[in-house]
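Just so you know, residue 1 is the first one in the sequence shown, and it goes up from there.
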Amino acid sequence: MKTEKIGIVGSGLIGRAWSMLFTSAGYQVMLYDILPDQLSAALEYIDIELHRLEEHGLLRGHLTAEQQFKCLRTTSDLKELSRKAIFIQECIPERIEWKRSLYQQLDDILEEQTIVSSSTSTFMPSLFTEGLRHCHNMLVSHPLNPPYYIPLVEIVPAPWTSPQAVEFTRQLMLEIQQKPVTLKREVLGFATNRIQYAILNEIWHLVDKDILTVRDIDTVMNEGLGLRYAFLGPMETAHLNAEGIRDYIQRFGGEIHKVSETYDAIPKMEPGPTLDKIAEQCEEMVPRDMLATRRKERDAFLTKLSALKKEFEK
């Protein structure tokens, strides 16, 4: 076990996942929330989840579930949270005014060594760290949900984030067995959402024009592209589908441009007939009262997929 302290702000599902990730490496983790009942619920959830993972041979790290759980404490005092912390991961709801208020409070009490990282998928770090005394130690570490099973973390610096803070965060993510990518500068949507939204834009048009159903579009991904991308990614896929990427672009670049010219303008996704059509078809696949069950199935699948990927990485 380590002696260094990690703070987690917010005891929702993302905060609980981060707590488990850091305790898996033996860090002393302090979980903060303003509501004591939320903290109690979080502790109960984490205890059960750690032992479930251990029972199925899926627990991360070399410590037992009991040892990992003993690394976790809770508090409703921000000063106690920040005291001697080397790193704080913020996981509060996506409300910019809440983030600005929290970071201002933290800025008044932070020690010089502490790096503060946000889990936000929405806001660039400059939007809530500008002008703060410790802004050089503030950035974004955006996980994908659920973080325990999907290891990607997008590290996004603000214009004033120090290179040392970025590198420390990257090394910390590697230590807890996440897979960090570092953006050289902040951009709206980061990388994952920019790519994801491009896909969703085209899906919207395909459904709107009655070219494909929602189920068939998902089949294109989970029985086609997704199978490749789970292992290779789009660039290596293209590289392997020809005699290297140069050959691929020479052979297919013209066709890519020709198809791309037929794309419609970016749709405005809002309530209306297209959303009604998409929602109806999605709810036929997974009724809303079955969402929790389907999420559990997703997590079980991702766990096994992660184990399979590790076999190929050896």
Side-chain angles (χ1 to χ4, degrees), residues 12-25 42 44-62 65 68 91 119 121 141-154 173-174 176-181 190-200 202-203 206-207 212-237 240 278-314:
L13 288 176
I14 298 297
R16 297 173 189 184
W18 276 117
S19 298
M20 292 165 60
L21 288 169
F22 284 117
T23 58
S24 74
E44 182 179 0
Y45 171 91
I46 291 170
D47 191 22
I48 292 171
E49 190 66 8
L50 287 174
H51 283 88
R52 184 190 70 81
L53 290 165
E54 184 176 51
E55 181 182 347
H56 290 87
L58 301 171
L59 189 67
R60 291 205 194 188
H62 302 293
Q68 292 186 27
C91 310
S119 297
S121 63
S141 298
H142 168 228
L144 269 66
N145 194 28
Y148 202 88
Y149 308 109
I150 301 181
L152 177 68
V153 178
E154 296 181 290
M173 294 301 140
L174 289 171
I176 62 173
Q177 299 180 41
Q178 296 300 86
K179 301 288 187 179
V181 297
F190 313 148
T192 301
N193 281 332
R194 292 183 74 88
I195 295 168
Q196 181 173 240
Y197 294 164
I199 294 170
L200 290 175
E202 184 56 21
I203 287 171
L206 290 171
V207 175
L212 279 175
T213 64
V214 166
R215 186 181 296 276
D216 283 343
I217 288 168
D218 277 5
T219 299
V220 168
M221 295 301 296
N222 61 36
E223 300 293 346
L225 293 176
L227 292 177
R228 291 174 173 175
Y229 294 168
F231 179 58
L232 298 174
M235 297 310 297
E236 191 177 358
T237 293
L240 294 179
I278 290 173
E280 181 180 350
Q281 293 181 35
C282 282
E283 288 162 17
E284 285 177 2
M285 292 193 301
V286 185
R288 278 181 286 181
D289 61 358
M290 293 295 294
L291 288 174
T293 299
R294 189 59 172 156
R295 290 188 190 108
K296 288 181 180 179
E297 292 174 348
R298 173 201 66 187
D299 292 352
F301 174 82
L302 290 171
T303 301
K304 291 183 178 180
L305 179 61
S306 178
L308 178 63
K309 284 169 66 71
K310 286 180 179 178
E311 287 185 23
F312 279 87
E313 290 171 358
K314 292 178 181 178

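Taking every heavy atom of both residues into account, I217 and L206 meet most closely at CD1-CB, 4.1 Å. In terms of heavy atoms, S121 sits closest to N193 at O-ND2, 3.2 Å.
With E49 contributing its side chain and A17 its backbone, the two residues share no donor-acceptor pair below 3.5 Å.
Applying the side chain to side chain donor-acceptor pair (under 3.5 Å) rule to S141 yields the partners S117; only residues at least two apart in sequence or on another chain are considered. The side chain to side chain donor-acceptor pair (under 3.5 Å) search around T192 returns E154, not counting sequence neighbours.
In this structure the side chain of E283 reaches within 4.5 angstrom of the side chain of R288, judged on heavy atoms. The shortest distance between side-chain heavy atoms of I14 and P147 falls below 4.5 Å. Contact check for T303 versus H56: no side-chain heavy atoms found under the 4.5 Å cut-off. Side-chain contact between P146 and L13 is absent, with no heavy atoms from C-beta onward closer than 4.5 Å. Between P151 and Q177, the closest side-chain pair of non-hydrogen atoms is not below 4.5 Å. By the 4.5 Å heavy-atom criterion applied to side chains, R60 and Y148 are counted as neighbours.
Distance CG/L21 to CD1/I176: 5.0 Å, rounded to 0.5 Å.
Checked for salt-bridge contact, E297 and R294 meet the test: a charged N lies under 4.0 Å from a carboxylate O.
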